[in-house]
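Single-structure report; data block below.
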Amino acid sequence: MGKTLRDSEDTLLKKITVANYRQDPYYSRIMKAVAGLLEEKGFVAPLELFIRMDLLSSESVENWRRGRIPYLEKAIRCNLAKASRILRILRMGAHDLDLKPSLTVYKRWTKGSRPRLRFSKTGDHNIEDAYACHFVSPRKGSSGAGVKDVLVDSRGTHPNWGPARDEK
């Protein structure tokens, strides 16, 4: 029998932990986007992840970077609980992939003074850091950040997550 709406809601209300995050309904979608970003860019930035998941537009990011949007969460096309859940799963998945966290400073794209940009309405330090933390592969290759050989096997899955792990 399939899951009911109530079962899905109960799953979403559970706290994400190291023990259960791989069973989260968003996990496979997040990790598929992470694999693509690592292959293309050599790092994963939460902004890029939200764009890849179609929860944020590139135009909104540009408007935020130019100071036209006061904080990024205003432009994200999901509720803040879902955004927080995605950031938490990203952090745990990045740890499993041995990606190195790198805090990044986002400043406004303007001439003259370039104030720091805010991700959240509250400006809470933990939330701001979660959005500003990029995850970089520690492996170096010919392309500098080089993670192309690390992430995806011939079936398009990462060897450290998903069904391919159990098939080896």
Check your understanding: What distance do R22 atom CZ and I89 atom CD1 have between them, rounded to the nearest 0.5 Å?
Key -> 11.5 Å
Review point. Under a 4.5 Å cut-off applied to non-hydrogen side-chain atoms, are L72 and L47 in contact?
Key: yes
Review point. Taking side chain as C-beta onward, heavy atoms only, is L56 less than 4.5 Å from W64?
Key: no
Point to revise | Taking every non-hydrogen atom, the tightest pair across H134 and A45 | key: NE2-CB, 3.5 Å
Point to revise | NZ (K82) with more than 12 external heavy atoms under 6.0 Å | key: yes
Point to revise | ILVMFWY network linking V18 to V34, side-chain heavy atoms under 4.5 angstrom | key: yes
Check your understanding: Between S137 and L99, what is the shortest heavy-atom contact and its length?
Key -> CA-CD2, 3.7 Å
Revision key, fill the gap. With D24 as partner, the option from R85, R88, R29 fulfilling side chain to side chain donor-acceptor pair (under 3.5 Å) is R85
Review point. What distance do D54 atom CG and C78 atom SG have between them, rounded to the nearest 0.5 Å?
Key: 11.0 Å
Review point. Going from CG on N63 to OG on S57, what distance comes out if it is rounded to the nearest 0.5 angstrom?
Key: 7.5 Å
Exercise for review: Identify the two heavy atoms, one from P46 and one from C133, that lie closest to each other, and give their separation to 0.1 Å.
Suggested key: CD-O, 3.1 Å
Practice item. Would you give the length of the straight line joining atom CD1 of I69 to atom CD of E59, rounded to the nearest 0.5 angstrom? Key: 10.0 Å
Review point. Heavy atoms, side chains only, cut-off 4.5 Å: are I86 and L55 in contact?
Key: yes
Review point. Once you round to the nearest 0.5 Å, how far does CG of L38 lie from CD of E48?
Key: 11.5 Å
**Study point:** Hydrophobic cluster membership, I51 vs Y71, 4.5 Å side-chain cutoff
**Key:** no
Practice item. Determine, stepwise, if the pair F50 / L87 fulfils side-chain contact (heavy atoms from CB on, under 4.5 Å). Key: CA-CA 9 Å; F50 282 106; L87 290 171; 3.8 Å; yes
Review point. Under the ring-ring contact (aromatic ring centres under 6.0 Å, His included) rule, what pairs show up with a residue in residues 76-104, not counting sequence neighbours?
Key: none
Practice item. Any side chain to side chain donor-acceptor pair (under 3.5 Å) involving residues 107-119? Give me the pairs, sequence neighbours left out, ordered by first then second residue. Key: none
Exercise for review: Group every Ile, Leu, Val, Met, Phe, Trp and Tyr by side-chain heavy-atom contacts under 4.5 Å, then state whether Y131 and L103 land in the same group.
Suggested key: no
Study note, to complete from the structure: d(E73 CD, N79 CG) to nearest 0.5 Å is 10.5 Å
**Study point:** side-chain contact (heavy atoms from CB on, under 4.5 Å) assessment of E40 paired with R52
**Key:** CA-CA 12 Å; E40 289 171 26; R52 180 69 55 109; 2.8 Å; yes
Study note, to complete from the structure: F119 and A132 have their tightest heavy-atom pair at CE1-CB, 3.9 Å
Revision key, fill the gap. The side chain to side chain donor-acceptor pair (under 3.5 Å) partners of D124 (sequence neighbours excluded) come to none
